[in-house]
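Side chains are part of it too, since the values below use all heavy atoms of this structure and drop only hydrogens, waters and symmetry mates. In this chain, numbering begins with 1 at the start of the sequence shown. Whatever order the structure lists ligands and atoms in, that order sets their numbers, starting from 1. Here the structure is a predicted model, which is why all the values come from computation and not from measurement.
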Amino acid sequence: MIGGGASATAFLVALVKQISAESVVEAPDVVVFEPDGPCGPGFAYRDDTDSALLNRPVSAMSVDYGDRGHFRRWLGQHGPATARTDAGSALFAPRSSFGRYLADVFATACRDLGNLGGSVEVVREPVREVQPTAERCAVGPERSAPRWVDDVILCLGSLPARDVYRLSGAPGYLHQPYPVQQSAHAVPHGGEVLVLGSGLTAIDVALELGRRTDGVRVTLGSRSGALPDVRCDLGAGDCARELVEDVRRMLAQRETISLKDLAGLLDGELSRRGTTLREALRPFLARTGGDELLRTRLGEPGPAAAVQRCIVALTPWYSRLWRALDPASGKAFTRHYSRVFTCLRSPMPPVNARRLLALADSGRLSFRAGILDVRAEDRHFRALYRGGQERRYDVVVNATGRGIDVSAARPGTLVETLTRSGFARPHPLGGLDVDPDTNEVLDACGVPIPRLHIVGDLSSGVHFHTSSMEYAATQAGRVAERVASRLPTRAGVLL
Ligand SMILES: Cc1cc2nc3c(=O)[nH]c(=O)nc-3n(C[C@H](O)[C@H](O)[C@H](O)COP(=O)(O)OP(=O)(O)OC[C@H]3O[C@@H](n4cnc5c(N)ncnc54)[C@H](O)[C@@H]3O)c2cc1C
C-alpha cells in the first residue's frame, strides 16, 4: 500500500474482512509506505482544530459502508466530549476525531491480520517509482532498497494544490493551509487576510481565524465566488426512489446519455418535490453573494433539501452516469456545472453556515468573486478583481484545495514517474486512467496492469466524484476482494 490515509485504512480493513471469511486463504504480508504522520488519518483527517468539522454527519462516515454506523459507535465509546451537536438531528464531529478513529481502526486491522498469520510493516518513506513486471512489482522508496511485491495499491489521495499566482517564498504567503490552527498562528494581530478560494478548505481557514478577537479581517477571494451549499437535515423521508429507478432504466436502455437527459430526470424528481432544477440551483447560477446564499439556504432550506436528497440518492450511480455521458456533455459539465455540483454534493454543516454568517454580519468576513491576480509587493499583497478594483492584504492563505491535475505533479514524484515511464497515463478529466470495473491502472497504451490498483481521488477522472470517504471505502472493498481472490490457498484445511 502506498499512502497510509483513509483509503489505505479502508483497504486494509476490507482485506482483513475478506481473508478472515476464507479459511483456506493464506494471510499476506503487507507493507505500507507512509512518510507523513501516523497511519490512518492521512492528509484529510490529521490532527487539527476542533472547528474543522466533517462535512457529513457521523452516521454517514465509516471505513466500511457495509457498516455505516461504525464510526458513530466508535465515537460513542471514545469521543463524546469532542463531538458537536448541531441544532438539527445531524451530528458533525471534528475531522481530527475521525482521524483518531482511523488510526484506531488501522491498528486493530494490523493486529487482526497478525492473528490470521499475516503481518503489516510500515515504512516511513515516500515511494518515488513503481515498476510492474509480468509477475510482480518493484516498489522504489526514496531512501531504502526497492521491494518486490505481488500487488500495489496506490492510496495517494489527491495532488498538492497549485501556486496559482506564484507567491511561494513571499513573506506572508501560506501555501499549505492545514493544519489551520498553525496557519492562524502565522497571521499577525489585526491582519488583513486574503484566503484564496471559497470551498470547504477556505471555510476551515475563515472559521479558525474567526475565533480570534484581535481585529483580524478575512476575505474569501475566488473566481466564481461559489460557496458550498448548506447541508440540510434530510430527515427520514424517502430516498428519491423514482429518480433512481428512472436512472437505472435509462442506463439499461442506452449506452450514451446527454446532460439534457439527466437534467430532465432531475427536474422530474424535483417537480414531484414541489420545486424545479432551476429554482434549486438559482443561488448558484445567479452567482448570489456568499452571505446572501447562506441567508437564503438557512432561511428557506426546501429547494436545497430536495436537490441534496437527489444527489445523495444517486451516489452509487455517479461512476456509471459519468462514463455514459456523451463527450460533449462531459466537457460541458466539467466546464459549466462541476463547481455547482461540488457545492451541492459536499455542503457545509449548518453550524458552520451560521458561524460564517455571524462573522460576515459583524464585518470580520467578506466574500469577493472575480479575483484576477495577486501580486506580492513590499511586505504586503495586492489583489486585482474584475472591474479593476484592487485590495491590499497582509497575509494570503492558499485554500484553492488539492487537485487531480496530473500535469501539476512535481518531477520525481510517484505520479510523475509513473506517467513518464508509461506505466500509467493521465485521464483527460484528471487523475490517472483506470479500468472502471477493477480500478487497475491503465498503461500508456490503455492496457490494464493487473497488479497495480488505485483507491481514492486519483481515479476521479474515470469514476467522477471519488473525493469522499464513501467512495474511497467502496473502491477499497472492490479492490480488496480482487486482491484476496488471488492470494495463495493452503491445502488440507477443513472447510
Ligand atoms: C481537507 C479535506 C477534508 C475532507 N473532508 C471530508 C469529509 O468530511 N467527509 C468525506 O467524506 N470526505 C472528505 N474529504 C475527502 C477525502 O479525500 C476522503 O474522504 C479520504 O479521506 C481520502 O483519503 P486518502 O487516503 O485517499 O487520501 P489522503 O488523506 O490524502 O492520504 C493520502 C496519504 O498518502 C500519502 N502519500 C502520498 N504520496 C505518497 C507517496 N508517494 N509515497 C507514500 N505515501 C504517499 C500521504 O502522505 C497521505 O498520508 C476531505 C478531503 C480533504 C483533503
Numbered in order shown, the ligand 1 atoms found under 4.0 Å of a heavy atom of Asp457 are 17 (O)

Under 4.0 Å from one or more heavy atoms of Cys155, ligand 1 contributes atoms 32 (C), 33 (C), 34 (O)

Do Phe464 and Phe333 have ring centres separated by under 6.0 Å? yes

Looking only at non-hydrogen atoms, the one of Arg124, Arg95, Glu34 nearest atom 3 (C) of ligand 1 is Arg95

Residue pairs meeting side-chain hydrogen bond (donor to acceptor under 3.5 Å, both in side chains), one or both in residues 39-48, sequence neighbours left out, come to none

Note: Trp322 and Ser460 closest approach over all heavy atoms is NE1-O, 4.0 Å

Under 4.0 Å between heavy atoms, the region of Thr201 that gets near ligand 1 turns out to be neither

Pair Glu121 + Arg147: basic N to acidic O under 4.0 Å
yes

Closest heavy-atom approach to atom 11 (O) of ligand 1 among Glu125, Glu470, Met469 is made by Met469

Among Phe98, Tyr45, Tyr471, closest by heavy atom to atom 10 (C) of ligand 1 is Tyr45

Minimal heavy-atom distance between Ala103 and Pro41, with the atoms involved, is CB-CD, 4.2 Å

Filtering Asn55, Leu418, Val455 for the heavy atom nearest atom 9 (N) of ligand 1 leaves Asn55

For Asp36, the ligand 1 atoms with a heavy-atom partner under 4.0 Å come out as 47 (O)

Review point. Under a 4.0 Å N-O cut-off, is there an ion pair linking Glu135 with Arg451?
Key: no

